[in-house]
Amino acid sequence: MEAYIFNLVNLIAIYAILAVTLNFIMGYAGIYSLAHAVFFGLGAYTSAWVAQNVHPSILLTIPAAMMAAAALSLLLALPALRVRGEYFVAASLGLQVLAVTIFSEWKSFTGGIGGVLAIPPANVFGIEVFKPAHFAILSVVALVIVMALINALVHSSFGRNLRAIHDSESAAASFGKNVPMIKTISVVISAALAAVAGALYASYLSFINVESFTLDASVLVMAMVIIGGTGTVAGPIVGAALLMLLPSLISWFDFLPQTEIGALQQIIYGLGMTLLMIFRPGGIVGRRAKA
Amino acid sequence: MLAIQLAITGLQTGALYALTAVGFSLIFGSTRIFHFAHGATFVIAAYFFYGVFGAGLGLLPSIAAAGLGAVAFGVLLDRLVYAPIQRHEGSFFTVFVASFGVGIVVQNLIGMVFGRGFVTVNTPLSRSVEMIPGVYVSPLAWIAILCTAIFLGALQFFLRRTHTGMALRALADNPELVRTFGLNPRMIAATAFAVGSVLVVPAAIITSATTGLNPAIGHHVMLISLAATIVGGIGSVSGTMLAGLLLGLAESLALLVVDSQWTEAVTFAILFAFIIIRPAGLLGRATAH
Amino acid sequence: MTRHFTLAGAIVSLACLAMPAVAEEHTIGAIFPLSGTNAVYGDVFMSGADLAVEHINADGVLSGPLSIAYEDSQALPQPAVVAMTKLVNVTGVPYTLSAFTGVSKAISTLATRNSVVGVNGGGVGPDLAELGDYFWNVIPLANLEMRAVVPFLVEERGLKSFALVYVDDPLGDAMHEELETILPEVGGELVDSFSVPTTAQQFSGVAAQVRASGADVVYVASYGNQQLQIVKQLRDNGVDAQLVAYSGYAVPDALALPESEGMIITGQGVDFDSEDAVTKRFVEDYTAKFDRAPTAYNVNYYNAVLVYGALAAAIEAEGGEVTGEALLEARRATESFDLVGGTVSFQDNGTLLFPIQVKEIRDGAAHALTSVTFD
Amino acid sequence: MNMTASANDAPLMQIRNLDKSFGGVKAVDDVSMDLRAGIVTTLVGPNGAGKTTFFNLITGNLTRDGGQVTWLGRDTAGMKPYRIARAGVGRTYQDLRLFDGMTVWENVLNATEHGAFPVPISRAHRIARRERIERVLERTCLADKRNTRAIDLAYAERKFLSMARIMATEAKLWLLDEPASGLDPNSYERFLAILREDVAEGVTVCIIEHNLDIVIGISDRIAFLDRGRLLADGDPHTVMNDPELAKIYFGDRE
């Protein structure tokens with residue numbers, strides 16, 4: 001039983017890292033990305049590769065994952081600097097679709113649809129961590145560090161600059177802010193930290209394949225941020241917990257027809273997204289809507 | 001010969017892409033609503049057709065059911081979901097998320113009712129005949145191209161020659177303008193949704209006989225519509241049409257060079273390139289900001 | 001904010017309370033696609049497994065009643081791992097049915113780490129044979145099927161040039177490799193091959209290329225509804241070569257497709273007309289219960305549950321506890337099993353060896369042409 | 001602030017033959033002008049005369065079609081807006097463009113933060129900065145509202161916050177786009193007082209204004225723009241008393 005709960009804790013923590021990092025660019029910089037799963041995936045593949053070919057120490061796997069994702073994120077920053085709003089959503093969508101194709105085809109690195117098998121457990125200072133209860137310590141600590149980092153950033157001059165750009169790009173520029181640079185950095189930070197989640201995910205599940213890094217995954221993370229509350233501290237965490245618990249919760253209701261559970265779950269979260277947008281666009285923990 | 005065959009195939013695909021994409025483009029251009037559930041409209045039209053046709057009620061009632069289903073869905077969605085959101089906030093992203101949610105709900109409801117597998121409407125019309133040696137064209141391809149021409153022609157007439165159509169175009173440029181002309185923007189939005197939803201009906205019906213349907217197909221339809229709208233230039237109906245055709249052709253002709261798993265990537269590489277290099281699109285006036 | 005965290009906590013504890021009691025009764029797990037595009041398989045698999053449970057309970061094979069705890073994989077690895085964790089840690093099953101190559105691979109690590117047996121009766125990717133001691137297959141893997149049909153086509157039918165349309169995943173890749181190896185051995189030739197993405201549904205372009213290749217035989221290696229679309233669109237677009245597929249094609253929808261007429265497919269040699277008691281009972285009861293004839297997929301999960309019944313009964317007879325380790329040990333000690341389709345035994349790698357039938361689709365049903373046996 | 005003798009000699013900003021057209025229509029047409037330290041220049045002219053476009057060209061928000069702008073002796077061609085801003089050219093917007101989601105304090109504080117990275121700053125610097133912001137908030141009467149989000153402020157407060165942001169910077173040249181429009185008499189008296197104090201401390205101001213009281217009350221010099229052309233440039237009384245210009249200004253064209 002504990003293992004089951006810790007398993008959920010791990011998955012929630014991993015997805016919460018994704019939600020928190022997506023919220024960083026969505027909520028503060030106003031960059032609405034539908035390509036977050038790309039960095040999650042790249043982080044996972046990179047850390048799996050390092051763990052299998054170099055060493056499974058998280059001191060190696062996580063930084064490698066972060067660097068790879070940071071480098072790729074420059075590709076996303078490119079359109080982010082030029083366009084806004086619906087155009088950027090479309091561009092990120094394009095990147096997501098391209099990435100899925102590459103994840104499926106670059107078989108020497110990703111194993112294609114077949115995925116990467118038997119990824120060694122995370123190695124923390126020589127100790128192998130794979131039991132759900134032990135891994136929960138690792139994943140929760142990682143989440144706390146990521147949150148602390150993002151919180152510190154948001155309340156620093158960098159965070160103020162981001163929010164300033166969010167509110168008025170031209171005004172921010174006329175107060176000396178290098179808008180493209182700040183946006184690029186925010187995308188890079190977000191992607192690099194999302195890769196931490198990828199690294200944890202790979203070593204925890206010991207198996208990864210492209211199906212975990214598709215558009216659906218990006219949408220799921222986006223839904224977590226939105227349902228929880230965009231631009232809030234607790235929102236992404238609440239959203240991640242809620243959406244990750246949903247399948248388990250529904251499956252406890254024995255009277256529901258087994259074959260419809262998956263569909264019901266999706267209907268609930270789809271309906272949730274729509275109703276929240278109509279009645280409470282700020283999300284569950286959000287403030288009132290911005291004008 | 002292969003290239004000619006692929007071009008014809010691409011034309012058929014592109015014609016259907018153009019129809020669906022123009023529907024999305026019209027709605028997006030005139031109301032600025034990021035109607036991601038446009039794919040769901042497609043699914044509803046297709047399954048209504050499939051259901052009624054499968055029940056043996058004949059072709060015309062099936063087409064009517066598909067049309068009614070699509071229009072009712074589009075208009076009701078505008079009334080019940082988009083209008084309330086726009087009343088209190090209206091950020092494009094809020095609308096997008098709500099629309100996305102609706103798409104998920106529709107996909108799963110359809111799956112519960114009709115099953116999640118692929119279904120196909122069987123018709124002898126999908127069987128190709130050899131036109132010239134080595135080039136096969138199915139009657140459905142002609143029907144697809146003809147339907148596209150008729151519907152897009154009718155749309156152009158509607159947009160250029162009727163009062164409502166012109167108001168629709170005006171709405172794209174300036175909502176205030178419409179108000180001063182004494183027209184109700186919400187009424188015009190409803191028209192945009194009705195017209196935009198009708199446009200997917202022929203594509204949905206033809207698709208049900210060619211490549212078949214499943215509840216998740218709306219996703220692909222939506223992605224293509226979005227890509228065509230942006231490549232064509234937001235607000236430009238003719239641009240979207242052209243882009244839909246081009247994307248269909250590119251997807252098909254790409255097979256000459258790459259394996260078929262890259263075709264979707266080709267579409268989105270084109271989209272990505274347009275956004276970076278020419279965000280205004282093929283025929284667009286609007287700028288990216 | 002605290003309020004929400006407490007809420008989440010409350011939900012978790014509620015969830016725990018609702019946990020079904022684990023009594024002496026036997027519970028095995030099953031991770032099937034119950035939602036998503038592949039849910040149609042879930043129904044097919046469940047029908048076979050459920051029938052076996054009925055039979056085992058009716059016969060009183062085990063000390064207590066047997067039941068199956070179903071979990072939804074959506075045919076995707078991650079939900080499968082979550083489901084497996086739940087089955088292993090909460091429900092506490094020693095034996096889990098699994099389907100789909102990706103899902104099976106994803107749960108195999110958990111199976112090994114927790115000493116729980118995973119049994120595949122649906123995926124046919126050849127690498128499923130290499131997932132460790134705790135992962136078994138009660139289905140002949142696809143390479144075996146290809147080894148049966150290719151010599152038949154080349155030697156008996158005189159069809160020498162092949163084109164392959166294969167799905168771009170481990171299954172398709174393995175089939176591709178296999179075909180490339182076998183064809184030269186028997187004097188055939190692979191003139192062209194086309195890989196298609198798992199999600200594709202539009203094949204008229206591929207069809208044009210297939211036609212241009214001028215092959216005598218087009219081998220379709222895909223699954224689910226995609227293979228139906230491939231076949232339909234090949235035929236629609238003027239490909240009139242002999243179409244061939246593996247056992248994945250033996251689903252009702254595919255057999256009923258008008259374009260399937262005349263196709264050659266392979267499948268494990270289940271002789272449904274066989275007179276042995278197990279097969280007879282299965283065919284009769286299945287047809288009565290579901291009002292349709294069974295297919296190999298129904299058989300495999302029926303068999304998978306029968307294997308559990310036999311092993312668990314043997315362990316109970318010796319007074320042991322039914323655990324994954326005990327099941328593995330018992331299987332190694334058991335020489336052969338009486339299953340639907342005959343008496344069969346496991347290979348060392350945990351895979352059942354079945355004869356393969358080559359069948360032709362006529363009037364919406366598969367009719368055996370010949371049967372190939374391997375050692 | 002540090003007005004030196006030499007600063008009076010060479011103009012801070014030299015504008016020569018500035019041109020900009022949109023789709024064939026000349027928005028700014030061959031405008032030349034010098035902005036000298038400590039001088040308040042007011043741009044007047046009817047709507048659509050090209051005043052805001054003129055600002056946008058100086059700050060780099062728009063690229064010019066022709067002409068030259070030098071700032072402190074340096075050609076600004078090709079300089080990004082943020083670089084021009086960092087070099088000491090500050091501006092406000094007619095539609096304010098406050099950072100709506102941030103508090104008053106954050107708005108003003110952020111106006112002083114240039115770098116993309118959060119760099120550690122010395123304690124002394126931090127204290128000096130805080131005092132500076134405090135003083136700006138005192139002068140704009142926003143001290144009580146420091147923790148209010150900009151979006152929640154009243155109209156006049158928003159106007160003053162827009163001023164406060166530029167006051168907190170170290171910009172040498174302020175380009176103010178209708179900073180006093182819509183202010184009640186009390187508020188604009190306060191606005192004039194602020195402006196006079198800062199000008200006395202050496203800030204150079206170029207202001208777009210329609211209110212003739214302000215125009216006369218504070219300007220050292222008036223530049224009259226119409227349809228992109230600089231029709232007159234001189235001391236306030238001469239320009240404002242020109243009957244031809246008055247005709248254009250009050251819309252009494254032929």
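The basis for the numbers below is simple: all heavy atoms, side chains too, and nothing from hydrogens, waters or symmetry mates. Here is the naming used below: chain letters follow the sequence lines, and residue numbers restart at 1 for every chain.
- A:Leu34 is listed as a side-chain neighbour of B:Phe96, based on a closest heavy-atom distance under 4.5 Å.
- Listed here is the closest heavy atom pair of A:Ile267 and B:Val105: O-CG2, 3.7 Å.
- Proximity to chain B is absent for every atom of A:Val100, based on heavy atoms less than 4.5 angstrom apart.
- Contacts between A:Leu215 and chain B at a heavy-atom distance below 4.5 Å involve the side chain alone, from C-beta outward.
- At least one side-chain heavy atom of B:Trp262 sits less than 4.5 Å from a side-chain heavy atom of A:Ile102.
- Side-chain contact between B:Val97 and A:Met222: present, with at least one pair of heavy atoms (C-beta onward) separated by less than 4.5 Å.
- Counting only heavy atoms from C-beta outward, the side chains of A:Gln265 and B:Asn108 never approach each other to under 4.5 Å.
- Scanning all heavy atoms of the two residues, the minimum distance from A:Asp216 to B:His219 falls at OD1-NE2, 4.2 Å.
- In this structure, the separation between OG1 on B:Thr94 and CG on A:Leu276 is 11.0 Å, given to the nearest 0.5 Å.
- Applying the side chain to side chain contact (heavy atoms under 4.5 Å, CB included) rule to A:Ala68 yields the partners A:Leu42, A:Thr46; only residues at least two apart in sequence or on another chain are considered.
- Take A:Ala194 and apply the side chain to side chain contact (heavy atoms under 4.5 Å, CB included) test, not counting sequence neighbours, and it matches A:Leu18, A:Thr21, A:His36, A:Phe39.
- In this structure, B:Ala265 and A:Leu98 approach most closely via the heavy-atom pair O-CD2, 3.3 Å.
- A:Glu105 is not listed as a side-chain neighbour of B:Asp259, based on a closest heavy-atom distance of 4.5 Å or more.
- Taken to the nearest 0.5 Å, the CD1 atom of B:Ile104 stands 8.0 Å off from the OG1 atom of A:Thr274.
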